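See structure below.
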Protein chains: 4
Amino acid sequence: MVTKTVGKNKQKAILTGTLALISERGFHDTPMSLIAQRSGVSTGIIYHYFENKDDLIHTLYQRIKQEFSAALLVGDPHELPWPDHLKLIWMNAYHYYITHPAETMFLEQYENSPYHLKWEEMPDENFTRLYALIEQDLAAGFMRPLPDPALYALTLGVASSLAKQQIEGTLKLSADQLAEIANAVCRAIAA
Amino acid sequence: MVTKTVGKNKQKAILTGTLALISERGFHDTPMSLIAQRSGVSTGIIYHYFENKDDLIHTLYQRIKQEFSAALLVGDPHELPWPDHLKLIWMNAYHYYITHPAETMFLEQYENSPYHLKWEEMPDENFTRLYALIEQDLAAGFMRPLPDPALYALTLGVASSLAKQQIEGTLKLSADQLAEIANAVCRAIAA
Amino acid sequence: MVTKTVGKNKQKAILTGTLALISERGFHDTPMSLIAQRSGVSTGIIYHYFENKDDLIHTLYQRIKQEFSAALLVGDPHELPWPDHLKLIWMNAYHYYITHPAETMFLEQYENSPYHLKWEEMPDENFTRLYALIEQDLAAGFMRPLPDPALYALTLGVASSLAKQQIEGTLKLSADQLAEIANAVCRAIAA
Amino acid sequence: MVTKTVGKNKQKAILTGTLALISERGFHDTPMSLIAQRSGVSTGIIYHYFENKDDLIHTLYQRIKQEFSAALLVGDPHELPWPDHLKLIWMNAYHYYITHPAETMFLEQYENSPYHLKWEEMPDENFTRLYALIEQDLAAGFMRPLPDPALYALTLGVASSLAKQQIEGTLKLSADQLAEIANAVCRAIAA
DNA sequence: CATGAATGAGATTTCATTCAT
DNA sequence: TATGAATGAAATCTCATTCAT
């Protein structure tokens, strides 16, 4: 039982090290040996926990994506009326991004590389619940009937774009400005 | 006279080959030897025109960024009143993206990699003119006083996000839907 | 226990292979791939033991220099009176040179290339002891008060020069001739 | 006639550039392109004046060797009695070395690389005259009957060794010290 | 489970030499 | 003569992956 935990810890350490390095240096320029070093493990052991480098990176992606989807549901948006649940979700996304800079940079990098086309997206329960909520809003006529990707781009896409700039230090938003942008996002898609 | 341009042609061929390969395969997985082969030149000559791989990629980025900024001004948006000039610019961006899939994928990849933080952005005359137009709209009270990056995310960011999905084949927009989205974008930032 | 030393053996093999090749072919014309082949190792492992080619060559130089300095003290020259200790040291140097032709050619090549100006000389205990002995001889008035480099040139420099020619096959010295030259060297610097 | 001079000038420029670069950077690390640049000529033209890189380097060596041998005879040593002519030759050598640092470094490098074994030494009239003078001294019993290479090592070898150290800045000799060393050299080989 | 030396294919870059102009 | 773009073989170095211990 002790060793089981050690094993999990080691796997976690590898994922953490990989995240740190890739967010700093990019996919290229992040060799396995450096990951091992940063994670405090040997090169060989990585291949015990992951099939190969691609598998390691993809696993990391899935973990982060899952963590992100869970973060979107913080505060139980399903309990709130339109448009409050939309604003909460948007704020949750934004908050996750700026409090998880490494994860954010990694996600952006991953999703914008031809890398992620090689794998199919895993189904995720939290996203399923979110899509259901959106369907309700559409059915109730609160939201304009735009294609899903358009709704995404006009909402969470904006959040990620802004967060990225804050992380890079090229933007600083006050609470008021943030609320104002959240309103703008609502205006964009509200019926 | 024809032969005088051979040199430039070769440099252009290299940039074109690089663009094609990187948009298909990513930064990693695009070796110089493959670039040479695809461009129909020898490996060595690449280093005559570019200092190294980084320089090649960055130069390519600058060229595309320039081409893009020029595309935004097609149809003389400065001559149109608010909000028509905004819509024109937005449509120009969108049009550039979907008619230049390789360039789009390259731009996204480049701007989302730690790569681009190593270089400072070049000043660009077209962007300067665009910013001036935005300042006017802000001063005239047409647009909400949001920070530049927020305005960008709510407008061109949306266009790029949508275009990317169309290129990847996960989205198809009708002219009506597109116009509807352009309206949404306007609503978002209009005062 | 045998296998524990495998690592060191491999490093030694690389140094030995490098020495052989460089003494035969020179710095240029000695590619890493050839070193690997001659040493019976893979190219990659060389970079496990040495940072780069420069580091490999410089490390080899240091090892040889150390071995040489140890060879100078064979027979305990400190126990002999003037000028016998000088003659012993001189003979030791000469003997080392002609019995280590590869090392000799390497040393000469290294010390006569702009290469060695990039590194600072390591302090060496044996040389320190030799300098102390020379100081004594100077203080005792046995030797003429010439600058150290001049003393070196008039003694060991002569040994190396002669050895080099013997190695190249352009000179053959009898024991008598050698003794005669050792005397000449003594005459040159004796007070 | 004008162009003939230009040609010679260009060849001279190439030799001068090569000398400067090799004395600074070594045989390796001195590419043809850099030689062209430093010499103010195009890469291609070098191959008009020299067959290849080896030929260029060997030609340079011969020129310098010739210049050096001429320098040894300055002041007409043949007119002076023993041991004055020996001292004059020795001083001539020393003087040439310290006033021609690039040439000195080049010579040393060349003669200590496996390079020079590929070519046979050219006969040189000045050296022939010098050898004749030495024969006379030997026959007259002024000099000890040591092999030629030994005589060389004990005389000019010492001069070159000292000069090299002065060039590298690790030694500074006063006129007195120099005269003292010249005396030491004479003592070494005088009967 | 764990290590890290070892491999070797392949990546980037260099450079002597050629040749069209 | 003169240029310098062009070639491509070869050099240096990297790195994902394996495996003996």
Side-chain angles (χ1 to χ4, degrees), chain A residues 3-4 6-7 10-11 28-37 40-56, chain B residues 1-4 6-11 28-37 40-56, chain C residues 1-4 6-11 28-37 40-56, chain D residues 3-4 6-7 10-11 28-37 40-56:
Chain A
T3 42
K4 270 278 171 67
V6 165
K10 207 154 251 185
Q11 195 195 30
H28 59 289
D29 210 23
T30 297
M32 292 297 260
S33 56
L34 201 60
I35 290 176
Q37 194 184 304
V41 302
S42 69
T43 321
I45 201 62
I46 299 181
Y47 289 85
H48 176 76
Y49 291 105
F50 305 95
E51 231 175 286
N52 51 38
K53 198 181 180 184
D54 269 22
D55 179 42
L56 164 59
Chain B
M1 186 139 350
V2 168
T3 44
K4 270 281 163 72
V6 158
K8 285 289 170 201
N9 284 347
K10 208 148 255 184
Q11 194 192 27
H28 58 287
D29 211 23
T30 298
M32 294 298 259
S33 55
L34 202 59
I35 291 176
Q37 193 182 307
V41 302
S42 68
T43 332
I45 198 63
I46 301 181
Y47 292 85
H48 181 77
Y49 290 107
F50 306 95
E51 241 177 89
N52 49 37
K53 200 181 177 182
D54 270 22
D55 180 41
L56 164 59
Chain C
M1 186 145 338
V2 169
T3 44
K4 271 280 164 70
V6 158
K8 285 288 169 202
N9 284 347
K10 206 148 255 182
Q11 195 193 27
H28 58 287
D29 211 24
T30 297
M32 293 300 257
S33 55
L34 202 58
I35 291 176
Q37 193 182 306
V41 301
S42 67
T43 331
I45 199 61
I46 301 181
Y47 292 86
H48 182 75
Y49 290 106
F50 306 95
E51 242 178 87
N52 49 38
K53 199 181 178 183
D54 269 21
D55 180 41
L56 164 59
Chain D
T3 43
K4 269 277 171 68
V6 165
K10 209 156 248 185
Q11 195 194 28
H28 59 290
D29 211 22
T30 297
M32 293 297 262
S33 56
L34 200 60
I35 291 176
Q37 193 183 304
V41 303
S42 69
T43 319
I45 201 62
I46 299 181
Y47 289 85
H48 176 75
Y49 291 105
F50 305 94
E51 229 175 286
N52 51 36
K53 198 181 179 183
D54 269 21
D55 178 43
L56 164 58

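Within every chain, numbering begins at 1; the chains are lettered A, B, ... in the order of the sequence lines, protein sequences first and strands thereafter. Worth saying up front: this structure is predicted, and the values here are computed from it rather than measured.
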Spacing of C:Gln11 atom CD relative to E:dG4 atom P, expressed in whole Å: 17 Å
Given B:Thr30, B:Ile35, B:Leu34, the one that forms side chain to side chain contact (heavy atoms under 4.5 Å, CB included) with B:Met32: B:Ile35
Considering all heavy atoms, the nearest D:Ile45-D:Ser42 contact: CG2-O, 3.2 Å
Upstream residue (5' side of DNA chain E) when A:Gly44 and B:Ile45 are each assigned their closest nucleotide: A:Gly44
From C:Tyr49 atom OH to C:Asp55 atom CG, the distance as rounded to the nearest 0.5 Å: 14.0 Å
Among E:dA16, F:dT17, E:dT13, the nucleotide that comes nearest once only the side chain of A:Lys53 is considered: F:dT17
OP1 or OP2 of E:dT3 under 4.0 Å from side-chain N/O of A:Lys10: yes
Nearest-Å distance for atom pair CG/C1', residues A:Asp29 and E:dA11: 13 Å
Distance, rounded to the nearest Å, where C:Asp55 contributes CG and F:dT12 contributes P: 14 Å
N/O (side chain, A:Tyr49) to phosphate O (OP1/OP2, E:dC1) under 4.0 Å: no
Atom-to-atom span, CD of B:Gln37 to P of F:dG8 - whole angstrom: 12 Å
Atom-to-atom span, CZ of B:Phe50 to P of E:dT12 - whole angstrom: 15 Å
Value in whole Å for how far the P atom of E:dA11 lies from CD1 of B:Ile46: 13 Å
Given DNA chain F, 5'-ward residue of the pair C:Asp54 and A:Met32, judged by closest heavy atom: C:Asp54
F:dA5 OP1/OP2 closer than 4.0 Å to side-chain N/O of B:His48: yes
Side chain of C:Tyr47 - closest among F:dT3, F:dC13, E:dT3: F:dC13
For atom NE2 of A:His28 and atom C1' of E:dT12, their distance in whole Å: 14 Å
Distance in angstrom units between B:Ile35 CD1 and E:dT12 P, rounded: 7 Å
Atom pair NE2/CD1 of D:His48 and D:Ile46 - distance to nearest 0.5 Å: 12.5 Å
Toward the 5' end of DNA chain F, by each residue's nearest nucleotide, B:Ser42 or C:Asn52: B:Ser42
Watson-Crick or G-U wobble partner of F:dA6, both distances under 3.5 Å: E:dT17
